[in-house]
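Beneath this line is the structure, given in C-alpha cells, with notes to follow.
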Amino acid sequence: MSPARTVRQPLGALRAAALGLALAGAPALQAAGLDACTADAGLAAALLPAPALATESLSRLPEVRAAQAEASTAQARRRRLELGPYEWSAKAGTARRRDQAGGRYPEQEVGLETAMRWPAKAAADRELGAQEAGIGELALSHAWQQAARRLLDDWFELLRESRAAELLEDQALLAQRQLALTERRVLAGEVAARDRLLAEAELARADAAAAQARLRAQARLRALQARHAGLTPPAADVWPGLPQSLQGVAGPDSARWTEACAAGILAEHPELALMQARARQSLLKAQRAELERTGDPTLGLRVARERGGAENLLGVYASMPLGGEARRAAALEAQGEAQAAQDRLAETRQRVGLEAAQAAAAYPAALAVWRKLETARTQAERGAQLQARAYELGEGSLPELLIARRSAIDATLAAEAAALDALQGLARLQVDRRQLWSMPGR
C-alpha cells in the first residue's frame with residue numbers, strides 16, 4: 001500500500017464521522033419544535049434589567065471585546081488564505097568575465113520568479129478561510145452567551161441577598177415592636193422579667209442577622225457593578241406581587257416539554273456550533289496537509305547580458321520540491337489533530353446535551369419546589385400569627401412565640417428563594433434560546 005493511501009483512507013473515515021456527529025439527533029430536533037422554551041416567558045421581565053442596558057453593558061465586557069477583535073482577525077486570516085503564501089521575487093546580479101585571450105567583459109542578469117499553488121490547494125485554502133471567518137463569529141457568539149449567563153447568575157444572586165436583607169430587616173422591626181410590647185407587659189406585671197431578657201436577645205439576634213444580610217447584599221451589588229456599571233437592582237416594590245403571579249402558572253408538561261426544550265437549546269447552542277466548526281476546520285487542515293505532500297512549482301523568467309552585450313539571453317525556468325518523509329509526517333500530524341478534534345466534539349456534545357437537559361428541567365422542578373415551600377410558608381405564618389395572639393391573651397409563652405416567628409421567617413426565606421430559582425431558570429432558558437439579551441446585529 002502506498003504512503004498516500006495510508007493517509008487518505010483515515011481521512012475518509014474522519015469525514016464520515018464528522019457528518020455523523022453533525023447530523024446526530026437532527027430528526028429529533030426537527031420533531032421537537034424550537035418554541036418549547038417560550039412558556040411563561042414574560043414572568044421574570046419585571047425583575048430583569050432593561051434589555052438595552054443589559055446588552056450595552058455586555059458589549060463593553062473585556063471578554064466580549066476580545067472575541068470581537070478575534071472575529072475581525074479571523075476575517076484577516078481568511079483574506080490571507082485566499083491570497084496564498086507566495087509573492088513575486090526579483091533578483092539581479094553582476095559579474096565580470098575574463099577569457100584566456102585577456103578579454104574582460106561585464107555581464108548582468110535579472111530575474112523574476114514566484115511559486116504557484118496548484119488549483120486544488122487554492123480551493124482548499126479558500127474553504128479554510130471561510131471556515132476561519134465562521135469560527136470567529138461563532139466564538140464571539142459563545143463569548144456573548146457566557147457573559148449573559150454570568151450576568152444572569154450575578155443578577156439573581158444580588159436579588160436573593162437583597163430580598164433576604166429586606167425580610168430580615170422586617171423581622172428586626174417586628175422584634176423591636178415585640179420588645180416594646182414585652183416591656184409594657186413586664187411593667188404591668190403580666191409577664192415575668194425574663195421575657196424582657198428573651199425579647200432583648202431576640203432583637204439583638206434579628207439586628208445581627210439583618211446587618212449580615214445587608215453586608216452580603218452590598219457585596220453582591222459591588223461585584224455586579226464592578227463588571228456592569230450602571231445596572232441597578234429593581235425597586236423594592238417590584239417583588240412583593242411577583243411570587244403570586246407564579247400561582248397561576250400550570251407549569252410545563254415535564255417529560256415532553258423538557259425534551260423538546262433541551263432539543264431547542266442544542267439546536268442553537270453556540271459552543272456546540274463552535275466545536276463543530278473547529279472539528280470541520282481540523283478536517284480541512286488534514287485534507288490540506290495531504291495536498292501539501294505534492295510541492296508547488298516555482299516559475300521564473302531570466303534575462304542576462306553576457307560578454308559585454310555580445311550575447312543576450314532570455315529564458316524561463318521551473319523548479320519543484322520533491323516531497324519526502326517530512327511532508328508525510330506533517331500530513332499524519334494533521335490527521336491526528338483532526339481525529340482529536342472529532343473526539344473533543346463528541347465530548348462537547350455529551351456535556352452540552354446534559355447541560356441543556358438540566359437547564360430545561362430546572363424551571364419546572366423549581367416551580368414545583370416553590371409551590372411546596374409556599375404552602376409551608378403560609379402555614380408557618382399562620383402559626384406565628386396564632387401564637388402571637390395567644391401570647392397577647394396570656395395563653396402562650398414568649399419562647400413559643402419566638403420559635404414560631406423564626407420558623408415563619410425561615411419558611412419565608414426558603415419560599416422566596418425558591419421563587420427566584422424558578423424565575424432564574426426561566427430567564428436562563430430565554431438566554432440560551434437567544435430570546436433575552438441577544439447580541440446586537442446577530
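The figures that follow rest on heavy atoms only: side chains count, while hydrogens, waters and symmetry mates do not. All figures in this text were calculated on a predicted structure; none of them were measured in a lab.
Ion pairing between a basic and an acidic side chain is recognised when a charged N comes within 4.0 Å of a carboxylate O; Arg406 and Asp410 show no such pairing. A salt bridge is defined here as a Lys NZ or Arg NE, NH1 or NH2 lying under 4.0 Å from an Asp or Glu carboxylate O, and Glu169 with Arg214 meets this definition. For the pair Glu347 and Arg344, the salt-bridge criterion is not met [side-chain N within less than 4.0 Å of a carboxylate O].
Expressed to the nearest 0.5 Å, how far CG of Leu138 lies from NE2 of His269 amounts to 12.5 Å. Between the OG atom of Ser438 and the CZ atom of Arg433 there is a distance of 12.5 Å, given to the nearest 0.5 Å. Note that CD of Glu381 and CD1 of Ile409 are 8.0 Å apart. Values are rounded to the nearest 0.5 Å. In this structure, Asp125 CG and Gln131 CD are separated by 13.5 Å, a value rounded to the nearest 0.5 Å. Taking CZ from Arg196 and CG from Leu203, the interatomic distance works out to 13.5 Å, rounded to the nearest 0.5 Å. One finds the CD atom of Gln342 at 6.0 Å from the CG atom of Leu345 (value rounded to the nearest 0.5 Å).
Residues that satisfy the side chain to side chain contact (heavy atoms under 4.5 Å, CB included) test with Ala147, not counting sequence neighbours, are Leu58, Leu61, Glu63, Val64. Residues meeting the side chain to side chain donor-acceptor pair (under 3.5 Å) test with Gln178, sequence neighbours left out: Thr182, Arg405. Taking Gln146 as the reference, Arg149 meet the side chain to side chain donor-acceptor pair (under 3.5 Å) condition, with sequence neighbours excluded.
When side chains are defined from C-beta on, Leu159 counts as touching Leu47, because their heavy atoms get closer than 4.5 Å. Within the 4.5 Å cutoff, the side chain of Val369 has no heavy atoms near those of the Lys372 side chain. For the pair Gln145/Glu271, no side-chain contact is recorded, criterion being any heavy-atom separation below 4.5 Å from C-beta on. Under the 4.5 Å side-chain criterion, counting only non-hydrogen atoms from C-beta, Leu151 is in contact with His228. Counting only heavy atoms from C-beta outward, the side chains of Leu386 and Arg382 approach each other to under 4.5 Å. Residues Gln424 and Asp153 are in side-chain contact: their nearest non-hydrogen atoms beyond the backbone lie under 4.5 Å apart. For the pair Arg280/Glu127, a side-chain contact is recorded, criterion being any heavy-atom separation below 4.5 Å from C-beta on. Side chains of Arg160 and Asp421 form a contact here, defined as non-hydrogen atoms less than 4.5 Å apart.
The backbone N or O of Gly84 lies less than 3.5 Å from no partner atom in the side chain of Lys121, so there is not a single donor-acceptor pair. Looking only at distances, no side-chain donor or acceptor of Ser57 sits under 3.5 Å from a matching main-chain atom of Leu53. For the pair Ser59 (side chain) and Glu56 (backbone), a donor-acceptor distance under 3.5 Å is present. Not a single donor-acceptor pair under 3.5 Å links the side chain of Ser141 to the backbone N or O of Glu137. Between the Glu161 side chain and the Ala213 main chain, no donor and acceptor come within less than 3.5 Å of each other. A donor-acceptor pair under 3.5 Å links the side-chain atoms of Arg434 to the main chain of Glu268, judged by distance alone. Judged purely by atom type and a 3.5 angstrom limit, Trp118 uses its side chain to pair as donor or acceptor with the backbone of Gly295. Of the possible donor and acceptor atoms, none in the side chain of Thr298 sits under 3.5 Å from a partner among the backbone N and O of Thr114. The main-chain N or O of Ala67 is never found under 3.5 Å from a side-chain atom of Trp144 such that the two would form a donor-acceptor pair.
Annotation: Arg60, atom CZ; neighbour count of heavy atoms from other residues, nucleotides and ligands within 6.0 Å is above 12. The environment of CG in Leu393 is crowded: more than 12 heavy-atom neighbours from other residues, nucleotides or ligands sit within 6.0 Å.
Cation-pi contact between Arg185 and Tyr391: present, with separation from the ring centre below 6.0 Å and deviation from the ring axis of at most 45°.
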